[in-house]
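Structure first, then comments.
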Amino acid sequence: MVNQRFVPRQNTSHKALTTAHLAQTMTLLALNNQELLEKIQGELATNPALDLNETNHCPTCQRIIKNNSYCPNCSHSASNEDPVVFVSSREDISSSRNSNDIISDDEFTSQQEDLPTYVLRQIATELEIDERALAAHILSSLDEDGLSTTSNVEVARYHHVSLSKVEKVMELINKSDPIGVGCSSPKAALLTQLDMIDDGQFIDPLTYKVIDIGLDNLSKNQYELLSKKLGVTIQRIEKISSFISSNLNPYPGRAFWGNVRHQENPTLQRYKNPDVIINIQGDPNDPQFIVEVMWPIRGTLKLNPAFKKAMAEAPENKSGEWKEAIEKANLLIKCLIQRNHTLVQLMQKLSVLQRDYILKGDAYIKPITRAKLAKEIGVHESTISRAVSSKSAQLPSGKIVPISIFFDRSLHIRTALKEIIANEEKPLSDTKLVKLLSEYGYDIARRTVAKYRSVEGILPAHLRNSQ
DNA sequence: CTATGGCACGGATT
DNA sequence: AATCCGTGCCATAG
């Protein structure tokens with residue numbers, strides 16, 4: 001029985017492998033970092049032939065890095081050559097490496113971790129024994145957005161400890177990853193995150209105030225109302241608003257643990273961890289890009305050597321099953337390499353083509369289609385589509401955008417439109433806007449201007465108030 | 001009468 | 001084949 005099944009598989013294995021390879025690469029390509037993480041964890045849990053060499057340290061500077069995130073310290077200091085585009089993936093994958101790891105059952109149990117555990121693990125060392133109970137209490141009350149549903153007072157009373165003690169623990173929790181977790185409201189979460197942003201980029205001091213008093217208006221796009229309230233220009237409010245939405249996340253739990261449920265909402269997408277990070281290096285006038293394709297797990301995936309060895313003495317009835325496991329593991333690793341390769345290629349081309357956009361912003365985007373790009377790197381269009389969909393990139397400015405933005409056909413016109421409207425003296429009607437835009441070289445229909453306005457959340461002329 | 005939004009069509013894109 | 005996007009036509013509001 002075993003042999004009969006075994007022999008024909010050998011014969012077709014070459015062909016079968018390549019098609020399977022292709023198919024799986026395609027599915028993997030379509031996954032973003034979050035989804036890939038789940039996939040790999042699932043595979044690790046079910047396939048004993050697969051092995052993960054875990055590392056908690058940043059490969060370059062050896063600092064402890066948090067799950068899923070990049071090392072804040074040194075991640076961009078890797079290159080010493082100076083190619084136009086330097087591409088590095090954070091971790092590499094290798095199909096075989098000698099190692100004397102022993103199989104233990106623990107390695108194959110699920111590594112899924114829920115949010116409370118994840119946070120607790122980060123702060124555990126900083127807590128006294130009695131404080132852990134408090135932390136556990138607080139964390140168990142988190143809702144699905146990562147916000148706390150209990151008040152500090154409540155916790156303090158329950159545990160008969162001073163309020164300040166609870167607050168101390170709470171602060172620790174708030175500042176762990178994802179930042180803002182355990183806050184009592186979206187507002188509090190935003191403020192905490194704002195405090196923690198510390199990468200030297202300019203932050204409008206008014207941002208605090210805007211969050212504090214104007215969050216409701218902000219979410220309803222009532223910019224002009226807010227600008228009146230605070231007595232500043234509407235442009236300033238808009239700037240602050242876009243800063244908030246691209247850098248802060250009112251629902252900390254969703255950023256890291258967001259599941260399918262949230263994917264329907266594209267505005268929440270950009271809060272996720274980026275799948276690609278683009279940074280600049282060297283001469284600010286003529287910088288090189290450092291493009292990093294993120295790798296969702298810490299450590300190196302490989303074929304479990306101990307399992308391979310054990311194959312030799314595999315019991316008769318298990319050998320087929322085991323062989324299959326090894327093949328599957330091998331395939332997965334190969335496909336992952338392929339996926340990364342494709343992604344790297346894609347980003348390389350994209351970062352060259354959209355250089356101006358990456359450096360100078362929305363107005364400089366060039367309309368390219370996936371199809372054109374596909375031809376250029378010689379892959380099928382659908383490959384590009386998969387690679388692009390549901391993934392995000394972090395630009396040098398720190399802004400996180402969906403990668404599909406690189407293929408936006410009208411973004412440049414829309415930004416021109418926004419600019420015109422921002423600088424208008426009196427509210428301009430759509431027809432006048434058409435004229436002005438055509439002077440910029442953008443010939444579009446009146447109806448289209450209206451569409452763009454609504455996309456950008458800009459009110460019609462008669463409802464806009466010039467200040 | 002002017003400005004704008006809704007609907008739907010056709011061509012391009014995915 | 002399905003979806004997205006720009007646009008024209010028409011109804012409606014001001």
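Since the model is a prediction, treat every value here as computed from it, not as a measurement. The analysis underlying the following values was restricted to heavy atoms, covering all of them including side chains, and did not include hydrogens, waters or symmetry mates. Order of the sequence lines fixes the chain letters, A, B, ..., with proteins taken first and strands second; residue numbering starts at 1 for each chain.
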Given protein heavy atoms under 4.0 Å, the one-letter contact record of nucleotides 7-14 of chain B, with B base, S sugar-phosphate only and - none, is simply BB----SB

In this structure, how many angstroms lie between the [atom2] atom of [N] and the [atom1] atom of [X], rounded?
X: A:His412; N: C:dC5; atom1: NE2; atom2: C1'; answer: 13 Å
X: A:Leu459; N: B:dA3; atom1: CG; atom2: P; answer: 17 Å
X: A:Lys426; N: B:dT2; atom1: NZ; atom2: C1'; answer: 17 Å
X: A:Leu433; N: B:dT2; atom1: CG; atom2: P; answer: 17 Å
X: A:Asp430; N: B:dT2; atom1: CG; atom2: P; answer: 15 Å
X: A:Ile421; N: B:dA3; atom1: CD1; atom2: C1'; answer: 14 Å

If you take all heavy atoms of A:Cys335 and A:Thr25, which pair is closest and at what distance? SG-OG1, 3.6 Å

For C:dC5, take OP1 and OP2 only and decide whether either is under 4.0 Å from a side-chain N or O of A:Ser410. no

Distance below 4.0 Å between A:Tyr452 side-chain N/O and C:dC5 OP1 or OP2: no

With sugar-phosphate meaning primed atoms plus P, OP1 and OP2, does A:Ile444 contact a base, only sugar-phosphate, or nothing at under 4.0 Å between heavy atoms? sugar-phosphate

Check every strand shown and say whether A:Ser382 touches a base, only sugar-phosphate, or nothing at a heavy-atom separation below 4.0 Å. nothing

Charged N to carboxylate O below 4.0 Å: is that the case for A:Glu424 and A:Arg464? yes

For the residue pair A:Phe307 and A:Trp322, does the interplanar ring angle fall in the parallel (under 30°), tilted (30 to 60°) or perpendicular (over 60°) class? tilted

So A:Leu359 and A:Tyr364, do their side chains get closer than 4.5 Å, heavy atoms only? no

Among A:Leu395, A:Leu350, A:Asp408, which residue meets the side chain to side chain contact (heavy atoms under 4.5 Å, CB included) test with A:Tyr357? A:Leu395

Test item: A:Lys39 side-chain N/O and A:Leu28 main-chain N/O as donor-acceptor pair under 3.5 Å: no

